Protein chains: 2
Amino acid sequence: MARTIGVIGDRWTLLILRECFLRTRRFEGFQSALGITRHLLAERLKKLVRQGILRRIPYQESPKRHEYILTQKGLDLYPIMMAIVHWGDIHMVDERGRPLLHQHRKCGKDFDPVMVCSECGEPLSAKEVHTHPGPGARSTPPNPAASKTKARSRAA
Amino acid sequence: MARTIGVIGDRWTLLILRECFLRTRRFEGFQSALGITRHLLAERLKKLVRQGILRRIPYQESPKRHEYILTQKGLDLYPIMMAIVHWGDIHMVDERGRPLLHQHRKCGKDFDPVMVCSECGEPLSAKEVHTHPGPGARSTPPNPAASKTKARSRAA
DNA sequence: TTTGACGGTTCTATTTTAGAACTATAGAAT
DNA sequence: ATTCTATAGTTCTAAAATAGAACCGTCAAA
């Protein structure tokens, strides 16, 4: 999770990605949609390309122009987006209501995203889930790296 | 979404919240688990309390000590957490595998979170969803505030 | 020949964050 | 009685990130 947050956990990246999902593809498009500074936008796009979340592809020669489109890795961020949007819809909307609705093409209805268990299909909530170490577990739960913080304990 | 990101969209807040879901409740617990500076931790906890995501409750008098627990609003962030963790599990793990597994108490199995349509129950993906303006839609899609290059307010 | 669109880069000023030390309360140990 | 430890912060300075604005280069159209 820390690694993932290193990629998407800043003030702009998720907003840029949202624009991608809303079909924005070009520098000016992102800039005017978000009001992000051009400097930061260029930085973030570069980073997202490096991370393999966006691909930068030319749409014209002379002058060279590129557009940014989501890779599969980027498309896979969709549940994160939807989860964030949904939480905002529940907890952050003003009296006017939701700014955006989502319609599921398959069934034709406006929907909310629901997170379910892949094994039994039941909706999930925090207390129904038990977390336990996996194969890549860190040796010193919950965080060994934290101890490089100069080991505030006497560390016998 | 911008408003939600204003709350959880920084380098530490989501990590703090993850610790909350992992049952960490106290200042030192967060600090040693994450290695966050004490200054920022205090800031973030205050902010989360102000936002109604955590509640600060005393667990002893003299010296006064408090612990931080998730409100319902905070618990509702669970799908966001799970979506992030799951994306990381797919795209960011090293050869060792997932650091954490999640077991669903109801069915007893280790699971992945799946996001489905609330109306038909089918799994969702970006291209199956059509986005359209809702009652709280902004007048100048996609972002009016961005056009007036002044307007520092976060769409207050 | 100038203007405008596009996609950046460069600069300075402000804000955030990191890192470390310091404060305060109180029980336990010496 | 004094020191140690645990807990939960606060304060300070330096480093990094971000905001805001201007500038640059290519090309097409006016």
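Quick caveat: nothing in here was measured; it's all calculated off a predicted structure. Each chain gets a letter, A, B and so on, in the order the sequences are listed, and its residues count up from 1.
Going from atom CZ of Phe27(A) over to atom P of dG7(C) covers 8 Å, rounded to whole Å. A straight line from CZ of Arg25(B) to P of dT7(D) spans 16 Å, rounded to a whole angstrom. One interatomic measurement links the two molecules: CD1 of Ile16(A) to P of dT18(D), which rounds to 11 Å at whole-angstrom precision. Atom CG of Leu41(B) and atom C1' of dT11(D) are 16 Å apart (whole Å). Note: CD (Gln31(B)) to C1' (dA21(C)) measures 13 Å, nearest angstrom. Distance, Phe30(A) CZ to dG8(C) C1': 14 Å, rounded to whole Å. In this structure, Leu54(A) atom CG and dG7(C) atom C1' are separated by 16 Å, rounded to whole Å. If you take CD of Glu28(B) and P of dG9(D), they are 10 Å apart, rounded to a whole angstrom.
At least one side-chain heavy atom of Leu124(B) sits less than 4.5 Å from a side-chain heavy atom of Phe111(A).
Under the 4.0 Å criterion applied to side-chain N and carboxylate O atoms, Lys47(A) and Asp10(A) are not assigned as salt-bridge partners. The pair Glu28(B)-Arg38(B) meets the salt-bridge criterion, since a charged nitrogen lies less than 4.0 angstrom from a carboxylate oxygen. In this structure, Arg98(A) pairs ionically with Asp112(A), as a charged nitrogen and a carboxylate oxygen lie closer than 4.0 Å.
Residue Lys46(A) places at least one side-chain N or O closer than 4.0 Å to OP1 or OP2 of dT9(C).
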Exercise. Does the side-chain contact (heavy atoms from CB on, under 4.5 Å) test come out yes or no for Val7(B) and Ile53(B), once each step is laid out?
Worked result: CA-CA 10 Å; Val7(B) 179; Ile53(B) 289 170; 3.4 Å; yes

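Judged by a 6.0 Å distance limit and a 45° cone about the ring axis, Arg25(A) is not positioned over the six-membered ring of Phe30(A).
If you chain together hydrophobic residues whose side chains sit under 4.5 Å apart, Met1(B) and Val129(B) fall into the same group. Tracing side-chain contacts under 4.5 Å through hydrophobic residues (I, L, V, M, F, W, Y), one never reaches Met92(A) starting from Leu101(A); they form parts of separate clusters.
Shown for residues 56-70 of chain A: residues whose heavy atoms fall under 4.0 angstrom of DNA chain D, namely Ser62(A), Pro63(A), Arg65(A).
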Return the polar atom pairs (N/O with N/O) between nucleotides 15-19 of chain C and the protein under 3.5 Å, or none.
| from | atom 1 | to | atom 2 | distance (Å) |
| --- | --- | --- | --- | --- |
| dT17(C) | OP1 | Arg44(B) | NH2 | 3.1 |
| dT17(C) | OP2 | Arg44(B) | NH2 | 2.7 |
| dA18(C) | OP1 | Trp12(B) | NE1 | 3.2 |
| dA18(C) | OP2 | Trp12(B) | NE1 | 3.0 |

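More than 12 heavy atoms of other residues, nucleotides or ligands lie within 6.0 Å of CZ in Arg105(A), so this atom counts as buried by the packing criterion.
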